[in-house]
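Read the numbers this way: they start at 1 and go in the same order the structure lists the ligands and their atoms.
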Amino acid sequence: MSKHDQILVGLDIGTSKIACVVAEAGPDGKLDVIGIGTHPSRGLRKGVVVNIESTVESIRLAVEEAELMAGIEIKSVFTGIAGSHIRGHNSHGVVASKGGEVTAEDVERVIDAARAMKIPADQKILHILPQEYLIDNQDGIREPIGMSGVRLEAKVHIVTGAVSSAQNIIKCCNRCGLDVADMVLEQVASSEAVLAQDEKDIGVALVDIGGGTTDIAVFLDGAIRHTAVIPIGGDHLTNDLVVGLRTSAREADQLKRKYGACMVSMVSPEEQIEIPSVGGRPPRPMPRQVMAQILEPRVEELYELIKAELTRSGYQELVAAGLVITGGSSLLEGMVELAEEIFDMPVRMGRPDGVGGLVDVVSSPMYATGVGLIKYGYGYREFSPAVERGEPSVFSRAWARMRQWFGDDG
Ligand SMILES: Nc1ncnc2c1ncn2[C@@H]1O[C@H](COP(=O)(O)OP(=O)(O)OP(=O)(O)O)[C@@H](O)[C@H]1O
Ligand SMILES: [Mg+2]
């Protein structure tokens, strides 16, 4: 394996920031973060690229910074995709296993059968995530290959996205001279970084609250069961502060990060802060509680939307491990406490975990997607027995999938 083969790059193209995380995979399977670059994102709205030029510029600057820090040239990236165009569906397929014992080929066929569902013309499949296999009606099987049986059934979660949104992401990366190794649903990536396996087994809802969107993924029995995107995030909180405090968006965002809280009861009524005014007027003093009074109803509204989504998914009662909130907005004071109150289940903040190197920098929930992309990309190598058999590797399969966004062969 050449040195370049051991490098994995995650490029999180978010509404608020572009984060480029570079990691080196050691021979022992340990991932060390060796470079990070971040730059404010200017060309996205609600998780979707709306301005190619600005996005390209932001990506270029974030990637350059990461290249400098890591001392390498970045050629290929794993990137995320999000936005309200994303749809998640549960589907299943059935085939007969020919030799009375399930082979890798049978598994491929049953997955193919499961993907045969009607999707709108402007959408394409992003992920086919196996949930479980049933052999001769015995359910709960995770590794079917080698087992005896004649009837193989697969239950899968299929994620589709708008062709145009995916194309624009690839276009932006290509313009920066970057190949896209694969495109990953952002909450799938984040879950790689912040969830523990036992949480996924007993049931957990991951909620990534970013700037423009809130991305949800529900896990049970080790597999993804439900995905959803709510087009509300931290930027809405900032906008409420702009209106409520009559200050600029930049100041409002800074004030939110520094003094914001989403539970009035957590802030002492005596505490005072200074609000910079617009138009050269002098700053004004204000009780810090006023900010919480503005933020609390909006966060409450967001949590109610998430709760409704969980109820709709049918998994609300089944997530025994509760809720894990991540993304930059999970840093707002009181987010965990308010969620516990509204959802009436255990809640924790999810910080990226399981990597070495520059951990201090990437352990912020803001980097959940970036770190998750690397772990996802690494998993690709780890579980690619096809490479040894000289068959088309998962990498080239990912490539074929990437090409389908541009061609008509998908
Ligand atoms: N300490 C903090 N307190 C409150 N909010 C914060 C804090 N730090 C960051 N944020 C907010 O988090 C949001 C950005 O989060 P993040 O970096 O996860 O978003 P993103 O990935 O760029 O966006 P998206 O995933 O929605 O496309 C911004 O709205 C920002 O104001
Ligand atoms: Mg994000």
Side-chain angles (χ1 to χ4, degrees), residues 10-21 36-50 54-55 58-59 62 79-86 165 168-169 172 184-194 206-217 228-242 248-263 266-267 288 291-292 294-296 298-299 302 324-336 338 349-352 361-373:
L11 184 67
D12 173 16
I13 306 174
T15 311
S16 309
K17 53 97 192 46
I18 312 275
C20 180
V21 185
I36 300 151
T38 51
H39 197 269
S41 171
R42 308 241 183 266
L44 278 86
R45 260 182 70 80
K46 297 182 179 173
V48 172
V49 176
V50 291
S54 328
T55 308
S58 302
I59 293 177
T79 182
I81 182 165
S84 33
H85 59 94
I86 302 281
S165 295
N168 285 334
I169 291 173
C172 289
V184 185
L185 184 64
E186 282 175 19
Q187 57 267 52
V188 169
S190 301
S191 67
E192 291 281 329
V194 306
L206 174 90
V207 180
D208 182 332
I209 314 174
T213 63
T214 293
D215 308 331
I216 305 171
V229 178
I230 295 174
I232 294 183
D235 294 350
H236 294 79
L237 301 177
T238 305
N239 281 340
D240 290 352
L241 291 178
V242 169
S248 70
R250 233 185 97 239
E251 296 293 353
D253 192 65
Q254 278 173 10
L255 286 167
K256 179 182 75 174
R257 290 172 195 236
K258 218 164 156 189
Y259 306 113
C262 64
M263 278 181 99
M266 288 175 81
V267 181
R288 187 175 161 224
M291 278 186 86
I294 296 169
L295 295 173
E296 185 168 321
R298 177 66 94 165
V299 176
L302 174 60
V324 175
I325 57 170
T326 190
S329 297
S330 69
L331 287 166
L332 183 67
E333 194 180 322
M335 288 297 275
V336 169
L338 185 58
M349 186 202 283
R351 292 178 178 277
V361 193
V362 294
S363 67
S364 161
M366 253 192 272
Y367 293 115
T369 306
V371 172
L373 285 168

**Complete:** ligand 1 atoms nearer than 4.0 angstrom to some heavy atom of G234 are 29 (O)
**Prompt:** Atoms of ligand 1 less than 4.0 Å from L332 heavy atoms?
**Reply:** 3 (N), 4 (C)
**Asked** Which value, rounded to the nearest 0.5 Å, describes the distance between C262 atom SG and L302 atom CG?
**Response** 10.0 Å
**Message:** Which residue is it: E251, K256, K258? I am looking for the one with a side-chain contact (heavy atoms from CB on, under 4.5 Å) to Q254.
**Reply:** E251
**Request:** Using a 4.0 Å heavy-atom cut-off, say whether D253 meets ligand 1 through its side chain, its backbone, both or neither.
**Result:** side chain
**Asked** Which atoms from ligand 1 have a heavy atom of T213 less than 4.0 Å away?
**Response** 26 (O)
**Message:** How close do P231 and S84 get, counting heavy atoms only, and between which atoms?
**Reply:** CB-OG, 4.3 Å
**Request:** Pick, from C262, S329, P40, the option with the minimum heavy-atom distance to atom 13 (C) of ligand 1.
**Result:** S329
**Request:** Please could you name the atoms of ligand 1 that D235 approaches to less than 4.0 Å, counting only its heavy atoms?
**Result:** 29 (O)
**Complete:** Between S41 and S58, the two heavy atoms sitting closest are CA-OG, 4.0 Å
**Message:** For ligand 1, which is the ligand I care about here, please tell me if G327 has any N or O atom under 3.5 Å from one of the ligand's N or O atoms.
**Reply:** no
**Request:** Consider every N or O of T238 and every N or O of ligand 1, then say whether any pair is closer than 3.5 Å.
**Result:** no
**Message:** To the nearest 0.5 Å, what is the distance between CD on E333 and CE on M263?
**Reply:** 10.5 Å
**Prompt:** Which atoms of ligand 1 are found less than 4.0 Å from any heavy atom of K256?
**Reply:** 5 (N), 11 (C), 29 (O), 30 (C), 31 (O)
**Asked** Taking R351 as the fixed residue, which of T326, L331, V194 is the one that meets the side-chain contact (heavy atoms from CB on, under 4.5 Å) rule?
**Response** L331
**Item:** N/O separation below 3.5 Å, D208 to ligand 1
**Value:** no
**Asked** Nearest protein heavy atom to atom 19 (O) of ligand 1, by residue and atom, and its distance?
**Response** G211 N, 3.1 Å
**Message:** For atom 18 (O) of ligand 1, which of the options A82, G328, S16 provides the nearest non-hydrogen atom?
**Reply:** G328
**Item:** Contact (N/O only, under 3.5 Å) between I13 and ligand 1
**Value:** no
**Message:** Donor-acceptor pair, distance only, cut-off 3.5 Å: does the side chain of Q187 make one with the backbone of I216?
**Reply:** yes
**Shortest protein heavy-atom distance from atom 30 (C) of ligand 1, along with the residue and atom involved** = R257 NH2, 3.4 Å
**Message:** Among all protein heavy atoms in this structure, tell me which lies nearest to atom 20 (P) of ligand 1, with the distance rounded to 0.1 Å.
**Reply:** K17 NZ, 3.6 Å
**Request:** Flag the pair K17 and D12 as a salt bridge only when some basic side-chain nitrogen lies within less than 4.0 angstrom of an acidic carboxylate oxygen.
**Result:** yes
**Item:** D208: which of V324, I325, T214, T369 passes side-chain contact (heavy atoms from CB on, under 4.5 Å)
**Value:** T369
